[in-house]
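What follows is a single structure, written as structure tokens, with notes after it.
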Amino acid sequence: MKKIMILSGAGLSAESGISTFRDSNGLWENHDVMKVCSTKGWIEDHKAVTKFYNERRHELEFKKPNNAHKVLAQLEKDYRGRIIHLTQNIDDLMEKAGAKEVIHLHGTLTDLRCEACTKIYSIGYRAQGESEKCPNCGNNRVRHNVVMFGEHAPNYSYLSQAIKECSLFIAIGTSGAVIDIVPIAKEFKNSIIIDPKRQSTRSMYDPKPHIDEYFEYFIQKKAGESMDEMLSIVDEYMKSSSKYKHK
Ligand code: APR
């Protein structure tokens, strides 16, 4: 049974008004990533990191899913059990669009996590309380449920699983700066990359200068405007009887 692996990044939510990280005027242009999204920064200043995530959580409350979130949520419904959507995004816009099975590789902004009993619980869009206590164990070692640089990302194990199980790979709105999508694309005969910008490959050993050159299709559009083209490739692929698999 043909299955599709989708790996999405901040570009998927850009048209919903959530800034990406590395575009001009992106989040890391206005915040020191090592201060607010690294274990070192967290150890040095819990308050600053908690404030950063409280602000982002508050902003998220009024953000709406864009066309791409809606189409991808519908795709999950139409091909139930055959889409593995892994997102690097911590926003809840896929869930707001009706998706039920998205795997968040870097955590979820609307949840907190207890470092004592590891319980993860939802707080919606409210700020983490000054003396927030874990509802499970009552401990106060509660923090944002977001994976920081320097931390283990437990859900990364789903990446290799998806590469094994799927035969069509779709990368949407990610620069590949954290999860290098070139080695993943090399595993697939059939692949699509969606990005309005051509991104350069990150390793000097990559013979091809652009990431999109490792993909079968390059839809050089914004996520929200690329869905019709993506869907026609997906539908054609899912219908074709061509023996599929890795390169
Ligand atoms: N539609 C599709 N892609 C877009 C759009 C859009 N409207 N706008 C921008 N993009 C593309 C950019 O061209 C870029 O390739 O989205 C990508 C965003 O790249 P980054 O800002 O690096 O975001 P991302 O790849 O998700 O970053 C990965 O880095 O800081 C960490 O944990 C953070 O999950 C994040 C990870």
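All ligand and atom numbering here is 1-based and tracks the order in the structure.
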With heavy atoms of Gln199 as the reference, note each atom of ligand 1 found under 4.0 Å away.
12 (C), 13 (O), 14 (C), 15 (O)
Nitrogen or oxygen of Lys221 less than 3.5 angstrom from that of ligand 1
no
What protein heavy atom is closest to atom 25 (O) of ligand 1, reported as residue, atom name and distance in Å?
Thr174 OG1, 2.7 Å
Look at atom 30 (O) of ligand 1 and say which protein heavy atom is nearest, naming residue and atom and giving the distance to 0.1 Å.
Trp28 NE1, 2.9 Å
Would you check, one step at a time, whether the test salt bridge (charged side-chain N to carboxylate O under 4.0 Å, His left out) holds for Glu187 with Lys164?
CA-CA 9 Å; Glu187 294 286 326; Lys164 270 198 216 98; over 6 Å; no
If you measure from each non-hydrogen atom of Ser175 to ligand 1, which part falls under 4.0 Å: side chain, backbone, both or neither?
both
Lys77 atom NZ: more than 12 heavy-atom contacts under 6.0 Å
yes
Under 4.5 Å between side-chain heavy atoms, counting indirect links through other Ile/Leu/Val/Met/Phe/Trp/Tyr residues: same cluster for Ile233 and Ile83 or not?
yes
Any chance CG of Asn139 has more than 12 other-residue heavy atoms, nucleotides or ligands included, within less than 6.0 Å?
yes
Proximity winner for atom 18 (C) of ligand 1, if only heavy atoms of Gly224, Gly9, Ala223, Gly173 are counted
Gly173
Quick check: Pro196 and ligand 1, any N/O pair under 3.5 Å apart?
no
Looking only at distance, does Leu12 have an N or O less than 3.5 Å from an N or O of ligand 1?
no
Protein residue, atom and distance nearest to atom 9 (C) of ligand 1, heavy-atom basis
Asp23 OD2, 3.1 Å
May I ask you to check if ligand 1 and Lys197 share an N or O to N or O distance below 3.5 Å?
no
Closest to atom 27 (O) of ligand 1 among protein heavy atoms sits Arg22 NH1, 2.9 Å
Any N or O of Ala14 that comes nearer than 3.5 Å to an N or O of ligand 1?
no
If two hydrophobic side chains count as joined below 4.5 Å and joins carry through other members, does Val36 share a cluster with Val147?
no
Considering only the protein, which heavy-atom contact is closest to atom 28 (C) of ligand 1, and what is its distance?
Gln88 OE1, 3.3 Å
Which of parallel (below 30°), tilted (30 to 60°) and perpendicular (above 60°) describes His31 and Phe52?
perpendicular
Validation row, ring centre Tyr156 to ring centre His106 under 6.0 Å:
yes
Determine, considering heavy atoms only, which of Glu15, Arg198, Glu225, His106 sits nearest to atom 32 (O) of ligand 1.
His106
Any nitrogen or oxygen of Gly11, main chain or side chain, under 3.5 Å from a nitrogen or oxygen of ligand 1?
yes
Atom 13 (O) of ligand 1: which of Val147, Asn89, Asp195 has the nearest heavy atom?
Asp195
Where ligand 1 meets Phe149 - atom numbers and elements under 4.0 angstrom, heavy-atom basis:
30 (O), 31 (C)
Against ligand 1, does Gly26 come closer than 4.0 Å with any heavy atom?
no
Taking atom NZ as the centre, does Lys35 end up with more than 12 heavy-atom neighbours from other residues, nucleotides or ligands that are less than 6.0 angstrom away?
no
For atom 35 (C) of ligand 1, what is the nearest protein heavy atom, given as residue, atom name and distance?
Phe21 CE1, 3.5 Å
At a non-hydrogen distance cut-off of under 4.0 Å, which region of Val178 contacts ligand 1 (side chain, backbone, both, or neither)?
side chain
Which residue owns the protein heavy atom closest to atom 26 (O) of ligand 1, what's the atom, and how far is it?
Ala10 N, 2.8 Å
Relative to ligand 1, is Lys222 under 4.0 angstrom through side chain, backbone, both or neither, heavy atoms considered?
both
Under a single-linkage definition using a 4.5 Å side-chain heavy-atom cutoff for Ile, Leu, Val, Met, Phe, Trp and Tyr, are Ile123 and Tyr53 assigned to the same hydrophobic cluster?
no
Examine Leu112 and Leu60 and state if one hydrophobic cluster contains both, with Ile, Leu, Val, Met, Phe, Trp and Tyr joined whenever side-chain heavy atoms are less than 4.5 Å apart.
no
Applying a strict under-4.5 Å side-chain criterion to I, L, V, M, F, W and Y, I'd like to know whether Ile192 and Leu72 cluster together.
yes
Could you state the interatomic distance from CD (Glu15) to CG (Leu93), rounded to the nearest 0.5 Å?
11.5 Å
Result of checking Ile103, Ile84, Leu7 against Leu159 for side chain to side chain contact (heavy atoms under 4.5 Å, CB included)
Leu7
